[in-house]
Amino acid sequence: MLTDLHATVADWYTAHARDLPWRRPGTTPWGVLVSEVMSQQTPVARVAPAWEAWMGRWPEPADLAAAAPADVLRAWDRLGYPRRALRLRECAEQLVARFDGAVPRTEEELLSLPGVGAYTAAAVVSFAHGGRALVLDTNVRRVLGRVVAGRALPPPGLTAGERVGAADLLPADAATSVRWNEGVMELGALVCTARAPRCTACPLVERCRWRRAGAPPATHARRRQAWHGTDRQARGRVMARLRELPDGRTLGTEELLAPLREGAADVAQPDRALASLLADGLVTEPSPGRWTLPG
DNA sequence: TAGACGTGGCG
DNA sequence: TCGCCAAGTCT
């Protein structure tokens with residue numbers, strides 16, 4: 001029965017949930033939103049200390065909205081995808097301007113905020129407000145894909161079939177749905193992992209269709225993410241240099257790009273990286289040929 | 001919708 | 001060692 005499945009996962013979560021800082025009593029909806037944005041494509045272990053420092057410095061949306069982008073980018077440090085930091089700050093500005101400094105409760109309103117997509121909107125409704133929402137992240141997709149569909153790994157793109165299947169499993173009661181969302185996500189993060197699933201520790205082994213079929217390997221090839229020698233790597237090196245720069249100081253173009261010249265995929269790559277960072281608002285050129293983080 | 005977008009740790 | 005992968009979003 002579905003009720004039995006929900007209870008099994010909820011009980012497992014109660015016994016095994018990690019003590020993540022944003023799960024502690026007293027965490028505000030803003031704190032939950034910050035944790036969700038930081039956790040987009042970044043391992044939770046690296047997010048936890050950054051989140052504590054961040055919330056200590058900018059405890060309310062209004063605090064972050066008033067911060068200088070340079071400070072925000074330095075505080076983001078090496079969480080990766082620094083555009084998220086800028087979007088989070090813009091999000092804080094909109095919370096102040098449009099929602100009286102509060103985090104909205106509906107998915108539609110949340111989706112209208114920068115840096116908030118389908119997953120994050122659902123997660124905030126569920127984990128920050130206790131509402132009923134379909135949380136479908138990579139963990140949930142993998143767990144349901146294995147248990148229900150018998151697939152080793154979910155397809156590259158979220159399919160309509162997955163959405164319908166997950167929606168059928170979502171408890172009707174709000175409080176129960178929150179426990180289900182938390183539980184399935186945590187199960188995917190700790191037990192039903194992508195590489196070496198710990199099936200012997202899984203509360204769902206008996207009813208896992210993938211496991212019962214002998215845990216067959218993935219069929220489709222995973223899309224490999226290019227990295228070495230890419231523009232993305234070059235952008236990361238530029239940002240790393242600028243983060244180290246003392247406040248108010250600038251770097252000349254050659255001084256900034258020299259470390260990238262050697263080993264660049266092509267001669268234009270360093271300049272291309274810098275230009276794209278400028279276009280993204282991640283760097284500024286306060287005077288011709290001088291560079292720094294956006295004030 | 002496929003591709004761009006950081007960073008580091010683990011198997 | 002090195003490819004895979006991590007609570008996605010945006011265009």
Side-chain angles (χ1 to χ4, degrees), chain A residues 13 17-18 20-23 31-51 73 76-88 90-91 110-128 133-144 152-160 166 178 181-190 192-198 217-218 220-243 265 269 272-273 275-277 279-282:
Chain A
Y13 181 77
R18 290 167 291 180
L20 299 175
W22 49 87
R23 285 179 179 166
V32 172
L33 174 54
V34 171
S35 79
E36 294 301 340
V37 172
M38 285 186 169
S39 299
Q40 291 166 3
Q41 298 286 282
T42 299
V44 163
R46 233 187 304 163
V47 168
W51 182 86
L73 289 168
W76 194 258
D77 195 34
R78 290 169 308 196
L79 288 179
Y81 295 134
R83 291 187 297 186
R84 286 184 297 162
L86 251 30
R87 291 199 193 106
L88 184 55
E90 291 165 15
C91 175
L110 287 160
L111 280 170
S112 74
L113 297 165
V116 177
Y119 161 76
T120 302
V124 169
V125 168
S126 184
F127 306 143
L134 185 62
V135 175
L136 256 186
D137 77 324
T138 187
N139 289 304
V140 175
R141 294 182 61 210
R142 187 175 54 249
V143 172
L144 298 187
L153 294 172
L158 180 61
T159 66
V178 173
N181 286 331
E182 290 176 324
V184 177
M185 270 186 75
E186 193 76 342
L187 195 56
L190 299 182
C192 193
T193 54
R195 240 170 313 176
R198 302 166 50 220
H220 64 272
R222 303 288 283 174
R223 188 184 70 201
R224 62 180 282 256
Q225 46 184 353
W227 171 245
H228 188 71
T230 59
D231 285 14
R232 189 146 53 116
Q233 181 184 38
R235 284 167 56 105
R237 294 179 68 185
V238 170
M239 289 303 291
R241 290 268 278 149
L242 293 179
R243 276 197 307 269
Q269 186 176 56
R272 191 166 61 237
S276 71
L277 289 171
D280 286 345
L282 286 163

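All chains are named by letter (A, B, ...) in the order of the sequence lines, taking the proteins before the strands, and each is independently numbered beginning at 1. Note that the coordinates shown come from a computational prediction; the quantities given were computed from them, not determined experimentally. Excluded from the calculations below are hydrogen atoms, water molecules and symmetry mates; all remaining heavy atoms, backbone and side chain alike, are included.
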Asker: Between P on dG8(C) and CG on L110(A), what's the gap in Å once rounded to a whole number?
Answerer: 17 Å

Asker: Looking at dT7(B), dA7(C), dG8(C), which one has an atom nearest to any side-chain atom of Q41(A)?
Answerer: dG8(C)

Asker: Between dT7(B), dG6(B), dA7(C), which nucleotide gets closest to the side-chain atoms of W22(A)?
Answerer: dA7(C)

Asker: Identify which one of R83(A), R272(A), Q269(A) satisfies the side chain to side chain contact (heavy atoms under 4.5 Å, CB included) criterion when paired with R235(A).
Answerer: R83(A)

Asker: Between A196(A) and Q40(A), just flag the one whose closest nucleotide in DNA chain B comes earlier from the 5' side.
Answerer: Q40(A)

Asker: With respect to the side chain of N139(A), which nucleotide from dA4(B), dA7(C), dA6(C) is positioned closest?
Answerer: dA7(C)

Asker: Does dG6(B) have OP1 or OP2 under 4.0 Å away from a side-chain N or O of R235(A)?
Answerer: yes

Asker: Considering every strand and a 4.0 Å limit on heavy-atom distances, what is the contact class for L20(A): base, sugar-phosphate, or nothing?
Answerer: base

Asker: So which nucleotide from dC5(B), dT7(B), dA6(C) ends up closest to the side chain of R243(A)?
Answerer: dT7(B)

Asker: Any side-chain N or O of R78(A) under 4.0 Å from OP1/OP2 of dG8(B)?
Answerer: yes

Asker: Determine the contact category for V116(A): base if any of its heavy atoms lies under 4.0 Å from a base atom, sugar-phosphate if only primed atoms, P, OP1 or OP2 are that close, otherwise nothing.
Answerer: sugar-phosphate

Asker: Counting the atoms with a prime plus P, OP1 and OP2 as sugar-phosphate, which does R195(A) contact under 4.0 Å by heavy atoms, base, sugar-phosphate, or nothing?
Answerer: base

Asker: Hey, does G117(A) reach any base, or is it just sugar-phosphate, or nothing, if we go heavy atoms under 4.0 Å?
Answerer: sugar-phosphate

Asker: With respect to the side chain of D231(A), which nucleotide from dC5(B), dA7(C), dC10(C) is positioned closest?
Answerer: dC5(B)

Asker: Could you tell me how far dA7(C) sits from dC10(B) if I compare only their P atoms? Round to whole Å.
Answerer: 14 Å

Asker: Think T120(A) has a side-chain N or O under 4.0 angstrom from the OP1 or OP2 of dT9(C)?
Answerer: yes

Asker: Choosing from dA7(C), dC5(C), dG6(B), which nucleotide comes nearest the side chain of T42(A)?
Answerer: dG6(B)

